[in-house]
Amino acid sequence: YQKAIQYHLDGIKQAKSLVSSSDGDVRSQARRILLDAHLAIANDIAWGDWQNKETVVPKWLSISEALLDSLLNHAAEDSAISLYVQQQTLSAYMGIGGELDGEHMVEALTKTYNELMESNSDVLFKQKVRWMTGSALYCAGRIAQQQGKSQDALRNATDAHHLLTMVAEDRDVVPRSEILVGDACFLIGSLHAVYKNDHSIWGDYL
């Protein structure tokens with residue numbers, strides 16, 4: 001993670017020198033790199049062995065939100081960028097186990113998901129949106145579990161599993177994707193087993 005942060009900081013340094021380029025495409029790419037790098041550093045810190053993660057990570061995420069607002073003013077930007085930021089934000093908070101109004105984030109996530117699904121007809125894009133939302137909901141489920149909110153955790157994990165499996169059924173097996181689906185299954189099963197004392201649910205996901 002220390003090496004990753006260094007690369008991401010180098011990326012920020014390079015991108016900052018290009019945001020005022022006379023080439024519109026270069027400016028756009030530089031702004032996106034800045035956003036990606038700030039979100040990446042937030043996750044590098046969240047998942048790495050660092051001190052004061054609970055205070056440092058939100059600062060990087062706050063800058064990311066400001067960069068997102070800037071990017072949304074440019075019509076050419078990826079329409080799923082807000083969803084991407086929400087996904088990465090939830091991933092970072094899952095890493096630090098920090099306090100977060102997870103259900104507020106889930107409401108915003110659901111709103112973004114519905115808007116994207118209604119305004120786009122491209123099948124591949126919709127699959128991308130489903131996968132990103134499923135990934136984000138899995139993180140939300142883990143965060144709720146960390147906070148002892150078992151009902152919220154179970155609802156988010158179940159919705160995550162539904163979206164992830166919808167996408168996984170229609171594409172070739174990718175180990176990283178299979179792991180995420182498996183993690184969602186495990187989270188659902190563990191919540192039923194621990195909080196509901198129901199071990200029969202495991203069979204439904206095998």
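- Met105 approaches Gln86 most closely through the heavy-atom pair CE-O, 3.9 Å.
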(Q) Let's go through Leu35 and Leu39 carefully: what are the C-alpha distance in whole Å and the side-chain angles of both, what is the deciding distance for side chain to side chain contact (heavy atoms under 4.5 Å, CB included) to 0.1 Å, and is it a yes or a no? (A) CA-CA 6 Å; Leu35 174 63; Leu39 289 169; 4.0 Å; yes
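- Panel note: side chain Thr133, backbone Arg130; no donor-acceptor pair is recorded below 3.5 Å.
- Within the 4.5 Å cutoff, side-chain heavy atoms of Leu61 are placed close to those of Tyr93.
- Side-chain polar atoms of Arg32 and Gln29 form no donor-acceptor pair below 3.5 angstrom.
- In the hydrophobic clustering (ILVMFWY side chains linked at under 4.5 Å, chained through shared members), Ile179 stands by itself.
- Listed here is the closest heavy atom pair of Ala153 and Gly141: CB-O, 3.3 Å.
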Q: Please lay out, stage by stage, how Met132 and Tyr113 fare under the test side chain to side chain contact (heavy atoms under 4.5 Å, CB included).
A: CA-CA 9 Å; Met132 292 173 67; Tyr113 170 81; over 6 Å; no
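- The cationic group of Arg142 does not satisfy the cation-pi geometry with Phe186, failing either the under 6.0 Å distance to the six-membered ring centre or the 45° limit from the ring axis.
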Q. How far apart are the C-alpha atoms of Thr112 and Val129, what are their side-chain angles, what is the distance that settles it, and do they pass the side chain to side chain contact (heavy atoms under 4.5 Å, CB included) test?
A. CA-CA 10 Å; Thr112 303; Val129 169; over 6 Å; no
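- Thr89 places a side-chain N or O within donor-acceptor distance of the main-chain N or O of Val85, the cut-off being under 3.5 Å.
- Qualifying salt bridge (charged side-chain N to carboxylate O under 4.0 Å, His left out) partners for Arg155, counting only residues two or more places apart in sequence or in other chains: Glu103, Asp152.
- Under the 4.5 Å side-chain contact rule for hydrophobic residues, Ile33 and Trp60 do not share a cluster.
- Rounding to the nearest 0.5 angstrom, the gap separating the CG atom in Leu109 from the SG atom in Cys139 is 10.0 Å.
- In this structure, Asp49 places its CG atom where only 12 or fewer heavy-atom neighbours from other residues, nucleotides or ligands lie under 6.0 Å away.
- Separation of atoms OH (Tyr138) and CD (Gln87) is listed at 13.0 Å; rounding is to 0.5 Å.
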Q) Could you walk me through whether Leu116 and Phe125 pass the side chain to side chain contact (heavy atoms under 4.5 Å, CB included) check? A) CA-CA 9 Å; Leu116 289 172; Phe125 180 80; 4.2 Å; yes
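- Closest approach of Val106 and Ala140 over heavy atoms only: CG2-CB, 3.7 Å.
- Distance check, rounded to the nearest 0.5 Å: CG of Leu18 to CZ of Arg31 gives 11.5 Å.
- Considering every non-hydrogen atom in both Lys53 and Gly95, the closest pair reads NZ-O, 4.2 Å.
- Side-chain contact between Cys185 and His161 is present, with at least one heavy-atom pair separated by less than 4.5 Å.
- Residues Leu163 and Trp131 fail the side-chain proximity criterion, which asks for heavy atoms closer than 4.5 Å.
- Hydrophobic clustering keeps Ile63 apart from Tyr7 (ILVMFWY residues linked when any side-chain heavy atoms are closer than 4.5 Å, directly or through intermediates).
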Q | Derivation of the side-chain hydrogen bond (donor to acceptor under 3.5 Å, both in side chains) call for Gln14 and Asp10 | A | CA-CA 6 Å; Gln14 295 291 331; Asp10 289 344; over 6 Å; no
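- Here the straight-line distance linking atom CH2 of Trp50 with atom CD1 of Ile96 works out to 15.0 Å at 0.5 Å rounding.
- Counting only N and O atoms by type, the side chains of Gln145 and Ser150 include no donor and acceptor under 3.5 Å apart.
- The backbone N or O of Thr158 sits nowhere less than 3.5 Å from a side-chain atom of His162 that would complete a donor-acceptor pair.
- Distance CG/Asp183 to CG/Leu164: 10.0 Å, rounded to 0.5 Å.
- Nearest heavy-atom pair, Ala136 versus Leu90, reported as atom, atom and distance to 0.1 Å: O-CD1, 3.5 Å.
- Rounded to the nearest 0.5 angstrom, Lys128 NZ and Tyr84 OH are separated by 10.0 Å.
- Sequence neighbours left out, the pairs with a member in residues 106-127 that pass salt bridge (charged side-chain N to carboxylate O under 4.0 Å, His left out) are Lys111-Glu115.
- Listed here is the closest heavy atom pair of Gly48 and Tyr1: CA-CD1, 3.5 Å.
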